[in-house]
Amino acid sequence: MLVSAPPGYGKTTAVCAWCASHEVTPAWVTLDKRDNDPSRMLRYMATAVDGIRGGLGRGALHRLPSSGGSIEAAVDELTNSIACFGEKLVLVLDDAQTVNDPDCHAVLDYFVEHLPETARLVVITRSDPALRLARFRAQGTMVELRAEELAFTSAEAHRLLVDHEGLALDAQEVELLRSRAEGWPAGLVLAAMWLRGVSSPGRAIREFGGNVQFVAEYLTQEVLQSLDPDTRRFLLQASVLRRFTPELCDAVLDRSDSAAVLAELERANLFVTRLEQGSWYRIHSLFAEFAGFQLAASEPGAEREIDRRAAHWLATRGRPVEAAEHAARAKDYGFVAHLLAEHHLVLMRTGEARMLLRWVREIPDEQLLEYPVLVVAAATATTMLGQSALERRRLLGLAARAKTRFPNRYGTYVEANAEMVRAAAVDGDVHEAVLAGRRAVELAEAVDDTLVACLGAYAHALYFAGQLDDAWMAAIRAVEHPQAERRPPGHAFARSTLALVAAEQGRLASARTHAEKARTILAGVGSRRSWLGAHASAALGRVLMGEGRLSEAERELVSAHHLFRDEVATLHQAWALLQLARVRCRRGKLDEAETTLRAAREVMDELPECESVWALAGEVESELTEATNRAASGGLLIPPSEAELVVLKFLDSDLSVKSIAKDLYLSPNTVRSHTRALYRKLGVTTRAGAVARAEAFGLLEQT
């Protein structure tokens, strides 16, 4: 159920009324911009569902990446729990417009697809989310409620203003106010609050004017002025915090009565809402914006000081992310840098590299220079996430400047990580990357904390240098390190390299084990859709290609190439394109293979020569030429699989698809799928044609 309209259209009120009329207690989640993270969003959803019945969301919470699971597993656990619950359940996501992360939308799409019949998802938003809305409409599985339905009619405005609020207004005056507010529910509610304090409401309506935004601002100011000075000041100051507890307000605003004031504001419905998480409150975002302007006018500089104090309070209570947000709003970039430098390892190892990088971008370079460890951590984050080669180069250049300016802060740990980034990125000459990896390992052996990542990067550079045995040994050292399980990024990187080396050497069982392990590790920290995730996909694609499962291999390599794409040419992009071209060639998709190979060559033209990748390009080109010549002479490009050969034998009969399926204990759809594959490989369109071509190639004898 999509409830989409601009602010103040009574979306939340409408949903609450609907739930009450259906005698349903909803599991309610109010989102904001800080929830642009799949794990965090899903944690709130599961917690809300758990509030309907204790334990209902517990399994999903235990399956989250932060608890060693994966997003997909957590969603499956949540939908299964809801299905087992058996009763009607409504999950509401309010203020959904604040979440715009593609991964969050992917989680919601997956959740909706697996939602049991007994459950409803209600999305309340100011703008349509990037979900599969067209598909849901076509399936008839979505109900939409928009501004035109939520806008008040004359009759509804009369019920609000006259019947409920008791204002002495005639029908013409009500309609005048409704038309000037354009039926906007919030405008009418605010107007009612304002009109209660004037001596002649009917006359005041004629003085009421301006567009909706102006009316909202004007009436908000009037509401503020109706409060006693202490409550008004508290509300303005608390609005800066957006989300807060009574304890936070007491500490930041120098009070001791915040709990009582908040309870009264909540009771009076004055823009304060209690959240689902314990004693946390929030201020309506639209009101918070206006309150900010009011506070700036009445107490210049107060907003920045409140944010600064909130940052320090939150930091001392183990909430570095929220603390960094307030510190950045206060433009206290030194404190932001201090927080991120202190917590960078935890953030990156728990899948928060994107968040770390977002805050680093807020810090001026001159202040970043004072924190070399943070500069290198940011460079590491760009590498882990991918598609940021230019930013990584800039950060490494900044690190070099920091080493000159603050040599006493540029210790062994920082140096090792800088070399690790250079080795992992292979951004330039591959032999220089190998040297950087070797230096990283030597340095890391002295501090150990970063050794797993350095060994993984070194192994990766050795793989591209064609030194497979050395790459294997370095990667094995990484995965056998006692702390490997606690170092997910480096561990997964090393596993991906082990899979690639084993696949190159024909040890496909070992290669599959390492590739799947890499995927599992990254899923556990929510890093599947990243540069590290691309390596895991590429490794699995290479294994699938060796196993002859070409369709699956192509899918994995397409995913890897998408994640490897960058604003500048990279060796990984060229390598992925070459692997993809080889798979497409082996699938008989010769035109696509040629196009992909040409794209790889264009990328390679911008790069220093890498012997192993250039040799791979030659092999793919030779394979494509041979396949093209074979196709021109009418040869068989792709041999049928064993399963397809079994179906082929039955095509040389009068049996129907249904009968063939029954004899083979398969579904008719599976038989049709194998038949289509045979037609494609044999270059025919009929059963008779398939049998004739099969006889010509001697394939029937193999059955």
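Here, residue 1 is the first one in the sequence, and each next residue gets the next number. Below, all heavy atoms of this structure are taken into account, side chains as well, without hydrogens, waters or symmetry copies.
Pairing each heavy atom of Leu78 with each of Gly57, the nearest pair is CD1-CA, 4.4 Å. Val29 and Ala48 make their closest contact through CG2-CB, 3.5 Å (heavy atoms, listed as atom of the first residue, atom of the second, distance). Val123 approaches Ala96 most closely through the heavy-atom pair CG1-CB, 3.6 Å. The heavy-atom pair separating Ala416 from Ala444 by the smallest distance is CB-N, 4.0 Å. Annotation for Leu522 and Ala536: closest pair CD1-CB, 4.0 Å, computed over non-hydrogen atoms. Here the closest heavy-atom approach between residue His344 and residue Ala377 is recorded as CD2-CB, 3.6 Å.
Between the OG atom in Ser39 and the CE atom in Met41 there is a gap of 9.5 Å [rounded to 0.5 Å]. Residue Ser496 holds its OG atom at 8.5 Å from CD1 of Ile521, rounded to the nearest 0.5 Å. Here OG1 of Thr380 is found 10.5 Å from CG of Leu374. Values are rounded to the nearest 0.5 Å. Going from atom OG of Ser537 over to atom NE2 of His562 covers 11.0 Å, rounded to the nearest 0.5 Å. Here Leu91 contributes atom CG and Trp28 contributes atom CH2; the two are 10.5 Å apart, rounded to the nearest 0.5 Å. Atom CG of residue Leu455 and atom CE of residue Met420 lie 11.0 Å apart, to the nearest 0.5 angstrom.
In this structure, Thr98 contributes its side chain and Asp32 its backbone to a donor-acceptor pair below 3.5 Å. With Asp101 contributing its side chain and Cys104 its backbone, the two residues share a donor-acceptor pair below 3.5 Å. Using modelled atom types, no side-chain atom of Arg319 and backbone atom of Thr316 make a donor-acceptor pair closer than 3.5 Å. Between the side chain of Thr245 and the main chain of Leu248, a donor-acceptor pair closer than 3.5 Å is present. Not a single donor-acceptor pair under 3.5 Å links the side chain of His114 to the backbone N or O of Asp109. When atom types are taken as modelled, the side chain of Asp94 and the backbone of Thr30 share no donor-acceptor pair closer than 3.5 angstrom. No donor-acceptor pair closer than 3.5 Å links the side chain of Glu322 to the backbone N or O of Ala311. Between the Thr570 side chain and the Asp566 main chain, no donor and acceptor come within less than 3.5 Å of each other. Panel note: side chain Thr382, backbone Ser388; no donor-acceptor pair is recorded below 3.5 Å. Within the 3.5 Å criterion, the main-chain N or O of Phe493 finds a donor-acceptor partner in the side chain of Thr497.
No side-chain heavy atom of Arg329 sits under 4.5 Å from any side-chain heavy atom of Glu325. Residues Gln387 and Phe564 form no side-chain contact, since every pair of their non-hydrogen atoms from C-beta on lies 4.5 Å or further apart. Between His460 and His535 there is a side-chain heavy-atom pair separated by less than 4.5 Å. Contact check for Thr125 versus Asp95: no side-chain heavy atoms found under the 4.5 Å cut-off. Side-chain contact between His343 and Glu352 is absent, with no heavy-atom pair separated by less than 4.5 Å. Contact check for Leu616 versus Gln579: side-chain heavy atoms found under the 4.5 Å cut-off. In this structure the side chain of Met45 reaches within 4.5 angstrom of the side chain of Phe111, judged on heavy atoms. Contact check for Gln97 versus Pro129: no side-chain heavy atoms found under the 4.5 Å cut-off.
Side-chain polar atoms of Asn417 and Thr450 form a donor-acceptor pair below 3.5 angstrom. Neither side chain, His561 nor His572, offers a donor N or O lying under 3.5 Å from an acceptor on the other. Between the side chains of Asp76 and Tyr110, a donor-acceptor pair is found at a separation under 3.5 Å.
Using a 4.0 Å cut-off between charged side-chain N and carboxylate O, Arg53 and Glu87 make a salt bridge. Looking at Arg529 and Asp103, a side-chain N of the basic residue comes within less than 4.0 Å of a carboxylate O on the acidic one, giving a salt bridge. A salt bridge is defined here as a Lys NZ or Arg NE, NH1 or NH2 lying under 4.0 Å from an Asp or Glu carboxylate O, and Arg422 with Asp427 fails to meet this definition. The pair Arg243-Asp35 meets the salt-bridge criterion, since a charged nitrogen lies less than 4.0 angstrom from a carboxylate oxygen. In this structure, Glu554 pairs ionically with Arg584, as a charged nitrogen and a carboxylate oxygen lie closer than 4.0 Å. Contact check on Glu419 versus Arg438 returns no salt bridge, with no Lys/Arg side-chain nitrogen under 4.0 Å from an Asp/Glu carboxylate oxygen. A salt bridge is defined here as a Lys NZ or Arg NE, NH1 or NH2 lying under 4.0 Å from an Asp or Glu carboxylate O, and Glu415 with Arg439 fails to meet this definition. A salt bridge does not link Arg63 to Glu72: none of the charged nitrogens lies less than 4.0 Å from a carboxylate oxygen.
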> side chain to side chain contact (heavy atoms under 4.5 Å, CB included) between His326 and Val336: does it pass, once the steps are laid out?
Replying inline: CA-CA 9 Å; His326 281 287; Val336 175; over 6 Å; no

> Checking side-chain hydrogen bond (donor to acceptor under 3.5 Å, both in side chains) for the pair Arg495/His491: CA distance, chi angles, key distance, verdict?
Replying inline: CA-CA 6 Å; Arg495 289 280 187 176; His491 187 187; 3.2 Å; yes

>> ring-ring contact (aromatic ring centres under 6.0 Å, His included) for His338 and Tyr371? Distances and angles first, verdict last.
In response: CA-CA 8 Å; His338 168 77; Tyr371 296 87; 7.1 Å; no

> Do Leu275 and Tyr281 pass the side chain to side chain contact (heavy atoms under 4.5 Å, CB included) test, and can you show the C-alpha distance, the side-chain angles, and the key distance before you say yes or no?
Replying inline: CA-CA 5 Å; Leu275 297 176; Tyr281 291 81; 5.8 Å; no

>> Applying side chain to side chain contact (heavy atoms under 4.5 Å, CB included) to Leu64 and Leu42, what does each step give before you reach the verdict?
In response: CA-CA 8 Å; Leu64 287 170; Leu42 192 55; 3.8 Å; yes

> Between Arg549 and Glu552, is a salt bridge (Lys or Arg N to Asp or Glu O under 4.0 Å) present by the stated rule, with each step listed?
Replying inline: CA-CA 6 Å; Arg549 298 163 64 179; Glu552 296 170 71; 2.7 Å; yes

>> Under the criterion side chain to side chain contact (heavy atoms under 4.5 Å, CB included), I'd like the reasoning laid out for Leu133 against Leu2: C-alpha separation, chi angles, the key distance, then a yes or no.
In response: CA-CA 9 Å; Leu133 301 183; Leu2 179 68; 4.1 Å; yes

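Counting non-hydrogen atoms of other residues, nucleotides and ligands closer than 6.0 Å to CE of Met1 gives a total above 12. Heavy-atom neighbours of Arg486 CZ from other residues, nucleotides or ligands within 6.0 Å: at or below the threshold of 12. Residue Arg354 qualifies as open at atom CZ: its count of foreign heavy atoms under 6.0 Å is 12 or below. By the 6.0 Å contact criterion, CD on Gln139 is enclosed, its count of non-hydrogen atoms from other residues, nucleotides or ligands being greater than 12.
Taking the centre and axis of the six-membered ring of Trp531, the NZ or CZ atom of Arg565 falls outside the cone set by 45° and 6.0 Å.
Between Trp575 and Phe464, the ring-plane angle classifies as perpendicular under the 30° and 60° cut-offs.
Here Phe335 and His312 bring their ring centres to under 6.0 angstrom of each other.
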